[in-house]
Asker: 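Below is one structure. I have some questions about it.
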There are 2 protein chains.
Amino acid sequence: MKEAECSVIDRAVERMIQVMSNHGLRITGQRRTLARLFAEASGFLSAKEVYQSLEMKHHGLSFDTVYRNLRMLQELGVLEQFNFEDGMKFRVGCYGHKHHHHHLICLSCDHIYPLDYCPMEHLTNLPAHFQVVKHQFEIYGYCEECQQPDNKPLQDIVSV
Amino acid sequence: MKEAECSVIDRAVERMIQVMSNHGLRITGQRRTLARLFAEASGFLSAKEVYQSLEMKHHGLSFDTVYRNLRMLQELGVLEQFNFEDGMKFRVGCYGHKHHHHHLICLSCDHIYPLDYCPMEHLTNLPAHFQVVKHQFEIYGYCEECQQPDNKPLQDIVSV
DNA sequence: ATGGATGCAAAACATTTGCATCAAT
DNA sequence: ATTGATGCAAATGTTTTGCATCCAT
């Protein structure tokens, strides 16, 4: 990893730690590792993936601590939380990214690809009195490596 | 309920039952009630809601039967399945509707409002080699009745 | 030293599976 | 009568909670 990238990540880590500290929370080793994990992560992480990653450095780690810290970081606005096909996942919030974007998700290998398109920017006929808080836009399918002719969904072959 | 609507629903029920029958599945009383429930439902239903609804007519109903039948109908393409904020929900598939659409979901009262806009129709820069199977687009916020100034998400008041 | 963070155990909740029985075909 | 559908119980997986202990402040 290049030095420039390191300092970007380091700054992201410090920013997350600062938020926790500003809120009177204590900076434990696990929270430091957790912050670094998300600063370095390119995409979304599930609670299980976070656990498995932290557990390498912190033996005897328990799942509830992971959940508690994920929830805490989400409530502080540091992490974003989204329901995917296979469960809840987390990533650093929007302002930690260059810009807002969405994702193509491969149903076969679970890889996530960024999509530089946001439907909210193009949406015209939104009802006037709905106060938008957030939105979710995900495209599911098969990436180049995983494309197979027999990956066709069942709907296409059922006659109704 | 008007007669015309009844027959539309009746036809929807018969169509669903026909699909099950065509696949060699047996038409039990519960499956008949289940088909009618979804034919009459306007929006999405959770497994729990389905259970509670069926349980009124079928005493001693068990949850696993509900799950088995929901999964079966989803695999047959009769039902669509989506992960919402508060868990998995089901509704009759697209072709059972007038046309494809998305939803505005109220975070306060859980009501779902249709949105006649599909981002896939306007999407221009989709990577060439991604084979799209399905997509998800939901807007979360507060509907007219539920709007409150203090419904602001935490992110807006946290300085990072 | 104080109070928040942790690990442990156990609870809560949603979903799935094995198996004996029951009922649609 | 055959075989799939059901109810029951128990297992599984995920997330939460209570509590004693530990450690960052």
Side-chain angles (χ1 to χ4, degrees), chain A residues 13-14 16-37 44-76 78-79 81-90 110, chain B residues 13-14 16-37 44-76 78-79 81-90 110:
Chain A
V13 172
E14 286 312 315
M16 290 194 239
I17 288 175
Q18 198 59 50
V19 174
M20 291 192 268
S21 191
N22 286 347
H23 282 260
L25 300 171
R26 293 177 180 172
I27 309 309
T28 64
Q30 291 179 23
R31 285 180 174 167
R32 219 170 263 284
T33 313
L34 186 62
R36 181 157 295 276
L37 174 63
F44 284 85
L45 296 170
S46 67
K48 195 192 231 172
E49 288 165 337
V50 170
Y51 174 81
Q52 287 166 344
S53 189
L54 288 202
E55 204 268 342
M56 294 191 293
K57 200 161 186 171
H58 302 272
H59 289 271
L61 174 71
S62 63
F63 247 109
D64 43 71
T65 304
V66 172
Y67 279 110
R68 272 188 290 238
N69 280 325
L70 287 175
R71 185 147 47 118
M72 176 269 292
L73 286 173
Q74 191 266 326
E75 282 169 358
L76 291 183
V78 172
L79 294 184
Q81 186 179 4
F82 266 122
N83 252 312
F84 285 101
E85 285 272 295
D86 53 344
M88 200 69 85
K89 298 195 179 183
F90 300 81
D110 252 18
Chain B
V13 172
E14 287 312 315
M16 289 194 240
I17 288 175
Q18 199 59 49
V19 174
M20 291 192 268
S21 191
N22 287 347
H23 283 261
L25 300 170
R26 292 175 180 172
I27 309 308
T28 64
Q30 291 179 22
R31 284 180 174 167
R32 217 171 263 284
T33 312
L34 186 62
R36 180 158 295 276
L37 175 63
F44 285 86
L45 295 170
S46 67
K48 192 192 232 173
E49 287 165 338
V50 170
Y51 174 82
Q52 286 167 344
S53 189
L54 288 201
E55 203 266 344
M56 293 191 293
K57 200 163 188 171
H58 303 272
H59 289 270
L61 174 70
S62 62
F63 248 108
D64 44 71
T65 303
V66 171
Y67 278 110
R68 272 188 291 240
N69 281 325
L70 286 175
R71 184 146 47 120
M72 176 271 291
L73 286 173
Q74 191 265 324
E75 281 168 359
L76 291 182
V78 172
L79 294 184
Q81 187 178 6
F82 267 122
N83 251 313
F84 285 100
E85 285 273 294
D86 53 344
M88 200 69 87
K89 297 195 178 182
F90 300 81
D110 251 17

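Numbers restart at 1 for each chain; the letters A, B, ... are given by sequence-line order, proteins then strands. Excluded from the calculations below are hydrogen atoms, water molecules and symmetry mates; all remaining heavy atoms, backbone and side chain alike, are included.
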Asker: Begin from the C-alpha positions of B:L34 and B:L73 and carry the test side-chain contact (heavy atoms from CB on, under 4.5 Å) through to its verdict.
Answerer: CA-CA 10 Å; B:L34 186 62; B:L73 286 173; 3.7 Å; yes
Asker: To the nearest angstrom, how far is B:L61 atom CG from C:dC22 atom P?
Answerer: 18 Å
Asker: Assign each of B:R26 and B:Q30 to its nearest nucleotide of DNA chain D by heavy atoms, then name whichever residue's nucleotide is nearer the 5' end.
Answerer: B:R26
Asker: Taking only the side-chain nitrogens and oxygens of B:T65, find out if one of them lies under 4.0 Å from OP1 or OP2 of D:dG7.
Answerer: yes
Asker: Is a donor on one side and an acceptor on the other found under 3.5 Å between the side chain of B:Y51 and the backbone of B:Y67?
Answerer: no
Asker: Treating B:S53 as the side-chain partner and B:E49 as the backbone partner, does any N or O pair qualify as donor plus acceptor under 3.5 Å?
Answerer: no
Asker: Could you tell me whether the phosphate oxygens of D:dC23, OP1 or OP2, come under 4.0 Å of any side-chain nitrogen or oxygen in A:T28?
Answerer: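 The answer is no; no side-chain N or O of A:T28 sits under 4.0 Å from OP1 or OP2.
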Asker: Pick the closest DNA chain C nucleotide for B:F63 and for B:S21 by heavy atoms, then say which residue is nearer the 5' end.
Answerer: B:F63
Asker: From CD of B:Q81 over to C1' of C:dA14, roughly how many Å is that when rounded to an integer?
Answerer: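 Computing the B:Q81:CD to C:dA14:C1' distance gives 13 Å.
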Asker: May I have the distance from A:L34 (atom CG) to C:dT6 (atom C1'), rounded to whole angstrom?
Answerer: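 About 14 Å, once rounded to whole Å.
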Asker: Rounded to whole Å, how long is the line connecting atom CG of B:N69 with atom P of C:dT15?
Answerer: 15 Å
Asker: Which nucleotide wins on minimum distance to the side chain of A:I27, given the candidates D:dT15, C:dT6, D:dT25?
Answerer: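 Minimum distance to the A:I27 side chain belongs to D:dT25.
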Asker: What nucleic acid atoms does B:R68 come within less than 4.0 Å of, heavy atoms only: base, sugar-phosphate, or nothing?
Answerer: base
Asker: Within the structure, does a side-chain N or O atom of A:R71 lie under 4.0 Å from either OP1 or OP2 of D:dT14?
Answerer: no
Asker: Can you check the B:I17 CD1 to D:dA5 P distance for me, whole Å?
Answerer: 14 Å
Asker: Counting just side-chain N and O atoms, does B:Y67 come under 4.0 Å of either OP1 or OP2 of C:dT16?
Answerer: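 For C:dT16, neither OP1 nor OP2 has a side-chain N or O of B:Y67 closer than 4.0 Å.
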Asker: Send over the distance from B:K57 NZ to D:dT6 P, rounded to a whole Å.
Answerer: 15 Å
Asker: When rounded to the nearest 0.5 angstrom, what is the spacing between CE in B:M20 and CD in B:Q18?
Answerer: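 If I round to the nearest 0.5 Å, the distance is 10.0 Å.
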Asker: Let me know the distance between CD of B:E55 and P of D:dC8, rounded to the nearest Å.
Answerer: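 Those two atoms, CD and P, are 11 Å apart.
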Asker: Is the A:F84 ring parallel, tilted or perpendicular to the A:F44 ring (thresholds 30°, 60°)?
Answerer: perpendicular
Asker: Is it the case that C:dA11 (base atoms only) and A:D64 (side chain only) share a donor and an acceptor within less than 3.5 Å, ignoring hydrogens and angles?
Answerer: no
Asker: Whole angstroms only, please: what is the OH-C1' distance between A:Y51 and D:dT15?
Answerer: 14 Å
